[in-house]
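These notes are about the structure you will find just below.
Every heavy atom of this structure was used, including side-chain atoms; hydrogens, water molecules and symmetry mates were not.
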Amino acid sequence: MSEHPVQRLNELLSMFGKSGEGWAGLEETGADEASAHERWQKAMIVARPFMTDEGRQSLGSLRADTLGQATWDRDLGLLNGVANGLFREGQNSIIRYIEQCIEIAAEGPPTRGTEQ
């Protein structure tokens, strides 16, 4: 007999992000110095354009147009509303990713012998 879907979901959730950090917690698991430095380099590539005055203004505008707006529009009906909500959350996740990269880049490159 197969296990109950809720039981399986709880099992998966217990394995996911035990640090309470969600995806970020999984990415950090077992990170060595080389992967920490690689993570910082990738973050710098994303963050660098947003470190200028124009970049900060652009990110502020993007943030207002995405995270600053509702994700759900009840006037669209159920199916269109769900589809639009998923699309909007995708937009929101890109802005959150950019902001996370900026935070990582601002911390500076990882130094040897210290944990990130």
Side-chain angles (χ1 to χ4, degrees):
M1 180 179 227
S2 69
E3 63 185 311
H4 192 276
V6 172
Q7 182 181 7
R8 179 69 182 135
L9 179 60
N10 286 334
E11 180 184 319
L12 290 171
L13 289 173
S14 71
M15 295 181 331
F16 173 73
K18 289 186 177 191
S19 66
E21 298 177 25
W23 289 110
L26 289 177
E27 291 170 1
E28 289 295 325
T29 302
D32 58 3
E33 290 177 17
S35 63
H37 189 74
E38 183 180 319
R39 181 175 181 238
W40 176 78
Q41 286 179 318
K42 288 179 181 180
M44 280 299 298
I45 291 168
V46 173
R48 192 171 283 120
F50 298 99
M51 293 178 170
T52 66
D53 287 338
E54 292 85 2
R56 282 188 286 279
Q57 290 173 0
S58 175
L59 184 58
S61 178
L62 289 169
R63 185 174 226 297
D65 291 345
T66 56
L67 295 171
Q69 302 295 318
T71 334
W72 179 263
D73 184 350
R74 65 179 173 192
D75 294 336
L76 294 176
L78 181 61
L79 293 178
N80 288 334
V82 169
N84 186 67
L86 293 171
F87 173 77
R88 288 282 298 107
E89 275 305 309
Q91 291 177 322
N92 291 348
S93 69
I94 292 170
I95 302 306
R96 288 186 194 108
Y97 175 74
I98 291 169
E99 290 176 340
Q100 182 182 32
C101 287
I102 291 169
E103 288 176 19
I104 293 167
E107 292 172 3
T111 56
R112 292 182 173 238
T114 60
E115 291 186 24
Q116 287 294 344

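Residue C101 holds its SG atom at 9.5 Å from CD of E103, rounded to the nearest 0.5 Å. With rounding to the nearest 0.5 angstrom, the CD atom of E99 is 5.5 Å from the CG atom of L59. For the atom pair CE of M44 and CZ of R39, the computed distance is 14.0 Å after rounding to the nearest 0.5 Å. With values rounded to the nearest 0.5 angstrom, I98 atom CD1 is found 12.0 Å from R96 atom CZ.
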Sequence neighbours excluded and cut-off under 3.5 Å, please list the side-chain donor-acceptor pairs for residues 45-54, or say none.
residue: T52; atom: OG1; partner: P49; partner atom: O; Å: 3.4
residue: T52; atom: OG1; partner: G55; partner atom: N; Å: 2.9
residue: D53; atom: OD1; partner: R56; partner atom: NH2; Å: 2.7

Under 3.5 Å, sequence neighbours excluded: what are the donor-acceptor pairs made by side chains of residues 67-83?
residue: Q69; atom: NE2; partner: A64; partner atom: O; Å: 3.2
residue: T71; atom: OG1; partner: E89; partner atom: OE2; Å: 3.4
residue: D73; atom: OD1; partner: D75; partner atom: N; Å: 3.0

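Residues that satisfy the side chain to side chain donor-acceptor pair (under 3.5 Å) test with E38, not counting sequence neighbours, are K42. Scored by the side chain to side chain donor-acceptor pair (under 3.5 Å) test, Q57 finds no partners at all (sequence neighbours excluded).
Residues T66 and I94 form no side-chain contact, since every pair of their non-hydrogen atoms from C-beta on lies 4.5 Å or further apart.
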